[in-house]
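Source: prediction; values computed, not measured.
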Amino acid sequence: MKLLEPIARRKTTKEIVYDQLKRSILSGELEPNETMTETSLAESLHISRTPVREAVGDLTKEGLLIQIPRKGFKVRRIDEDDMEQILYLRISIEMRSVKMLIDHITDEELEKLDALVDEQQIAIQNNDRIRYIELDQMLHRHLLKLSNQNILEQILQELYNLTRLIGHAAISKEGRMEEVIQEHRDIIDALRERDEEKAADLMRHHLLTTASSVKKQREQLKNNNGKSDSLGGL
């Protein structure tokens with residue numbers, strides 16, 4: 001008997017609201033200085049407050065939104081102190097992860113990493129910055145997962161949510177998206193060569209360069225606007 005095609009599950013209203021809100025947050029459409037309420041969002045989306053409340057709850061748990069007592073909620077703002085802490089933790093954890101991979105990463109796993117970078121290249125061609133940032137995070141998470149550092153992986157998950165808030169500032173410099181792809185390829189090549197120190201140094205360089213790009217973007221916003229704006233991912 002011919003197998004039937006599986007029926008695609010339709011998304012719930014809450015899932016649709018969650019996806020739309022998250023995309024608006026990560027694209028910068030919703031800014032940190034904008035206060036929102038469940039009522040205003042429900043009216044804007046022409047739905048009840050319940051799915052909005054549930055979606056906002058999930059995004060708050062992920063660290064993308066913060067509650068403002070008696071006012072509503074805002075997109076979380078990542079300041080310079082937050083950035084320094086995120087950078088310190090990510091360098092420490094991710095340098096360790098690539099070192100742990102050297103002796104046991106397989107050719108098949110290296111090919112999967114190559115495929116993620118290839119998809120990033122396609123995202124550039126499609127001018128899809130959000131997909132590009134998603135793939136960036138997928139690659140970094142996959143490296144940590146392959147190193148079997150389960151506790152560190154859990155710790156880093158919240159950091160990844162926070163760094164996605166600054167993803168657009170990190171790649172705003174002209175040519176930075178292409179530079180990131182080359183840095184990813186260099187790290188993968190060092191893993192393929194089984195060069196532990198080279199892989200770790202390249203990861204450190206990659207994260208520091210991205211952080212520097214974010215800081216320069218922040219300074220440019222200060223100069224242009226006369227005030228500090230939100231940092232927009234490592």
Quick one: [atom1] on [X] to [atom2] on [Y], what's the gap to the nearest 0.5 Å?
| X | Y | atom1 | atom2 | value |
| --- | --- | --- | --- | --- |
| Q137 | L159 | CD | CG | 10.0 Å |
| Q182 | M177 | CD | CE | 15.0 Å |
| R90 | L87 | CZ | CG | 9.0 Å |
| L191 | L146 | CG | CG | 9.5 Å |
| L156 | R141 | CG | CZ | 9.5 Å |
| L144 | L139 | CG | CG | 11.5 Å |

Item to complete: Evaluate the criterion side chain to side chain contact (heavy atoms under 4.5 Å, CB included) for residue pair K198 and D201; output intermediate values, then yes/no.
Response: CA-CA 5 Å; K198 182 179 179 181; D201 287 344; 5.8 Å; no
How close do [X] and [Y] get, counting heavy atoms only, and between which atoms?
| X | Y | answer |
| --- | --- | --- |
| L202 | A190 | CD1-CB, 3.9 Å |
| H104 | N148 | NE2-ND2, 4.4 Å |
| I78 | I86 | CG2-CD1, 4.4 Å |
| Q67 | G72 | OE1-O, 3.4 Å |

In the structure I gave you, are the side-chain heavy atoms of [X] and [Y] within less than 4.5 Å of one another anywhere?
| X | Y | result |
| --- | --- | --- |
| T60 | I66 | no |
| R76 | I25 | no |
| M203 | E183 | no |
| H140 | L207 | yes |
| F73 | T35 | no |
| L21 | L59 | yes |
| T39 | V52 | no |
| I122 | D118 | no |

Just checking, any donor-acceptor pair under 3.5 angstrom between side chains of [X] and [Y]?
| X | Y | answer |
| --- | --- | --- |
| H184 | D136 | yes |
| R176 | T210 | yes |
| Y18 | K14 | no |

Give a yes or no on whether a salt bridge exists between [X] and [Y], defined as a side-chain N under 4.0 angstrom from a carboxylate O.
| X | Y | value |
| --- | --- | --- |
| R131 | E119 | yes |
| K74 | E34 | no |
| R204 | E94 | no |
| D189 | R192 | yes |

Sub-3.5 Å donor-acceptor pair from the side chain of [X] to the main-chain atoms of [Y], do we have one?
| X | Y | value |
| --- | --- | --- |
| S44 | L41 | no |
| D82 | D79 | yes |
| E109 | T106 | yes |
| Q149 | S147 | yes |
| H206 | D186 | no |
| S212 | L208 | no |
| Q20 | V17 | no |

Might you confirm whether atom [atom1] of [X] has over 12 heavy atoms from other residues, nucleotides or ligands at distances under 6.0 Å?
| X | atom1 | answer |
| --- | --- | --- |
| Q125 | CD | yes |
| R96 | CZ | no |
| R185 | CZ | yes |

Practice prompt. Please test T37 against S40 for side chain to side chain donor-acceptor pair (under 3.5 Å), starting from the C-alpha separation and ending with a verdict.
Written response: CA-CA 5 Å; T37 66; S40 64; 3.0 Å; yes
Worksheet entry | Matching residue for K22 among E29, E62, E134, E15 - test: salt bridge (charged side-chain N to carboxylate O under 4.0 Å, His left out) | E62
Cluster overlap [X] with [Y], hydrophobic side-chain contacts below 4.5 Å:
| X | Y | answer |
| --- | --- | --- |
| L65 | I68 | no |
| I16 | L45 | no |
| L152 | M100 | no |

Worksheet entry | Intermediate values then yes/no, side chain to side chain contact (heavy atoms under 4.5 Å, CB included), V180 and T209 | CA-CA 9 Å; V180 167; T209 303; over 6 Å; no
